[in-house]
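Below you'll find the structure, written out as structure tokens, and then a few comments.
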Amino acid sequence: MQEEYLKDLNDVQHKAVTSINGPSLVIAGAGSGKTRVLTYRIAYLLSKGNDPRSILSLTFTNKAAKEMKERIGQLVGFEVARKLWMGTFHSIFSKILRREADKLGYSSNFTIYDTQDSKSLVKSIIKEMKLDDQTYKVNEVYGRISSSKNNLVTARAYVTNDQIMKIDAMNRKPKIADIYKLYALRCKKADAMDFDDLLLNTNILFRDFPEVLKKYQDSFRYILVDEYQDTNYAQYLIVKKLAAHHKNVCVVGDDAQSIYSFRGAKIENILNFRNDYPGYNIFKLEQNYRSTQNIVNAANSLIIKNKDQIKKKVWSANDTGTKIQVLEASTDNEEGFLVAGAINDTIYREQVQYRDIAILYRTNAQSRIFEEALRKKNIPYKVFGSLSFYQRKEIKDLLSYCRLTVNPNDTEALKRVINYPARGIGNTTQGRIEEYANLHDVSMWEIVSQPDEYPVELNAGVKKKLVAFSNLIKSFQSLLAETDAYELANHIANASGILEDLHFKNTPENLSKYENLQELLNSIKEFTDNRAEDEVKSLDYYLENVALLTDADNEKEEDINKVSIMTIHASKGLEFDYVFIAGLEEELFPSRMSITLPQDLEEERRLFYVAITRARKQATLSYAYTRYKWGTPSNCSPSRFIEEIDPAFIELPDKEEKNAMPRFQRKSYGVSGGSNGNPNHFEKTGNATTVNPGLQRKLTKLKTASAKAAENDSPFEVSDPDILEKGMTVEHQRFGTGTIASIEGNSPNKKATVIFNGAGQKQLLLKFAKLKIIN
DNA sequence: CTTGCAATGACTGAT
DNA sequence: TCATTGCAAG
């Protein structure tokens, strides 16, 4: 076999690819061809005659695994690539846990609880234990449980751990140990594992069943781990155990890009690799092929402020490029307009595609502003994350019916759908069943399916309804073996009454839910169509991984050429020609939660480093002086990170000019205090006519919009839905001019009835309709 | 038991 | 701003 592709590599890369024996540490600077090294290394291993089933590659996302398999397939053939063990820790080890499930007392069909399920379970336990929900906040308790699991502290170990118990006692939350215990018990009863259990239970499996560990140790001759700097203790130990026999472990990472400590990631794992694997080889990939020199230098000048790091010198031989740009805005809304305007300019000036551009921000809450601004300028965009597709109510509802069909003990799924669509099984009934079930150690399903067998106080009518519901689920179960995933899911969507319910209440919201369900069914269809002949296509197999999927795994054809907007965390591993990094303000980025502890601040700085190094050609920063938080405006100041970049590589806004411009006058408005926190500073530029005070805010918005419209000649400037009112004359791109007859609903699903002069009466969903106000 | 409305409190980050 | 919760009426 020829290894032509090795010629694409530089010296270090070449060594990293071909040094296949013994432990290797690859320190891969941003943009240094890390993915190429990983794919070529695997291809190289295969070319040396290794069985693809003996190679285990752990990636950070499913998408990365999919793309890497694709590239390896191109090099060595898809039939071979398909047999590789490649995926995220969670997906690989859930597969192994299903195989070995009986050893841990689970069935191989166990459910995976996602974060929503877990939190909802924690919540009901707090209620059941009659604890004060102000002291025991769901998020905090869940966080304690989750981080315990990531550090391999089981519920039993938790109570006996003095240090942990002392912390809980000090915080006056001594019952967390009991909540954890009950939580673990309930998960087990429900035949469910949460995300953290997938790693914890793998460790337990390997600890308690040495013969199982040995089997996998022998079978995985080569182990590769991507993004090693973001592994937590549980993941670290899995790798260590599996690699103990052959010791052919290759970890790839960049300590400068460690950004997941909140998920238990330990940067020490990569820093201590030398101690864990003596006699290791180290390869430093330092040439950045992705970005311009200015971008690389700016990023270097920033990250140098961090203390703990592995020494390396990342450099670029690309063009010098432009300096980092900075956009300064007076309000968060204006920030949106400036960025959207700059995107339009870039597209026009540089002749690039929408897909070459990304907007990155620190928190999901910032997405809304950019969605609005881009929509108004008719710039197509796609949002990653926030409320992921799979977390939407309608999607979870249908999936819960499916989960219940496969595993009737899945109590979280049962509670979700037992009364949706409404079938007269209300809170009282559910509460009684749940209480009895918890007290007597039976599952809710037991009682629901045979209410006469248990002394729960239920009247005959209710019992009838319960039996009807359980018969419905049983009818689905009977179809499990004989139908494929798509047919069954489609049947469930209809027979459960979900589709009918959405259809019956014919609102724009429900229409969009209906469409989402169709999309889910389409993706299930795709799953059944894409499975190979020898793979089972039934619903239980579809459900195995669905909890582990994210938006990125569901990318649609029509979404390819759009501006990407997402959090910096979600942008990890991606790259774009032009990157806009928004909200560079103190207490937002760096986050308010991270400014006290130095190690937290260092992680924020690494996060900023990751953001800058996503850019190939140009990075633009932006910040605002007022930003709405929880619906009230608050003052902000520019982030310290901006000053930390060496001035040689950044173009700061001109202070002189800034002060001369009334538009940027600040300090005076906003913040708490007043009854009227509205920034009225646009008054200064405007040719305002006097209006009644109630309309003041709307007018301000209107002026912002039209002022911007004059500045940027976008094809069809759209008015903010919030300023539209009954009686206004508006223009629609397709229907022409008309008058608003009425406005119903609430943002973002506000709709208007408009009587158009040519096209007659139309109902328009304002978040999509492009209406321009004529007068 | 269901529905609708007012009050309330949450925003880091995500497999 | 938005989703969840508590309460009153049907």
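A quick note: this is a predicted structure, and the numbers were derived from the prediction, not measured.
Rounded to whole Å, the distance from NZ on K464(A) to P on dC1(B) is 17 Å. dA10(B) atom P lies 10 Å from atom CG of D133(A), rounded to whole Å. The interatomic distance linking R592(A) (CZ) with dA10(B) (C1') rounds to 11 Å, in whole Å. Rounded to whole Å, the distance from CD1 on I418(A) to P on dC1(B) is 11 Å. Across the protein-nucleic acid pair, F469(A) atom CZ and dC1(B) atom P stand 16 Å apart, rounded to whole Å. L597(A) has its CG atom 16 Å from the P atom of dT12(B), to the nearest Å. Residue I433(A) contributes atom CD1, which lies 10 Å from atom P of dC1(B) at whole-angstrom precision. Protein atom CZ of F262(A) is 14 Å distant from nucleotide atom P of dC11(B), rounded to whole Å.
If you check the side chains of D196(A) and S146(A), you find a donor sitting under 3.5 Å from an acceptor.
At least one side-chain nitrogen or oxygen of N419(A) sits closer than 4.0 Å to the OP1 or OP2 atom of dT2(B). For dA14(B), one of the phosphate oxygens OP1 or OP2 lies less than 4.0 angstrom from a side-chain nitrogen or oxygen of T567(A). Distances shorter than 4.0 Å separate some side-chain N or O of N364(A) from OP1 or OP2 on dA14(B).
When the nearest nucleotides of DNA chain B are assigned to S261(A) and V462(A) by heavy-atom distance, the more 5′-ward of the two goes with V462(A).
N139(A) comes within 4.0 angstrom of sugar-phosphate atoms only, judged by non-hydrogen atoms across all strands, and of no base. Note on I425(A): only backbone sugar-phosphate atoms sit closer than 4.0 angstrom, heavy atoms only; bases stay farther off. Contacts of T429(A) with the nucleic acid, taken as non-hydrogen atoms under 4.0 Å apart, involve only primed sugar atoms and P, OP1 or OP2. Within 4.0 Å (heavy atoms only), K137(A) reaches sugar-phosphate atoms of the nucleic acid but no base atom. F89(A) comes within 4.0 angstrom of no nucleic acid atom, judged by non-hydrogen atoms across all strands. Nucleic acid contact class of T428(A) (heavy atoms, under 4.0 Å, all strands): sugar-phosphate only.
Closest to the H569(A) side chain, of the nucleotides dA14(B), dT1(C), dT15(B), is dA14(B). For A422(A), counting side-chain heavy atoms from C-beta on, the closest listed nucleotide (dA14(B), dA10(B), dT2(B)) is dT2(B). Among the nucleotides dA14(B), dC11(B), dT12(B), the one closest to any side-chain atom of A365(A) is dC11(B). Side-chain atoms of H90(A) lie closest to dT15(B) of the nucleotides dT15(B), dA14(B), dT2(B).
Within the 3.5 Å criterion, the main-chain N or O of S400(A) finds no donor-acceptor partner in the side chain of R416(A). For Q366(A) (side chain) and T363(A) (main-chain N/O), a donor-acceptor pair under 3.5 Å exists by modelled atom type.
Under 3.5 Å, the side chain of R362(A) and the base of dT12(B) form at least one donor-acceptor pair of N or O atoms.
Cation-pi geometry between K572(A) and F60(A) is met: under 6.0 angstrom from the ring centre, within 45 degrees of the axis. Under a cutoff of 6.0 Å and an axis angle of 45°, K393(A) and Y420(A) form a cation-pi pair.
F370(A) has its ring centre no less than 6.0 Å from the ring centre of Y381(A).
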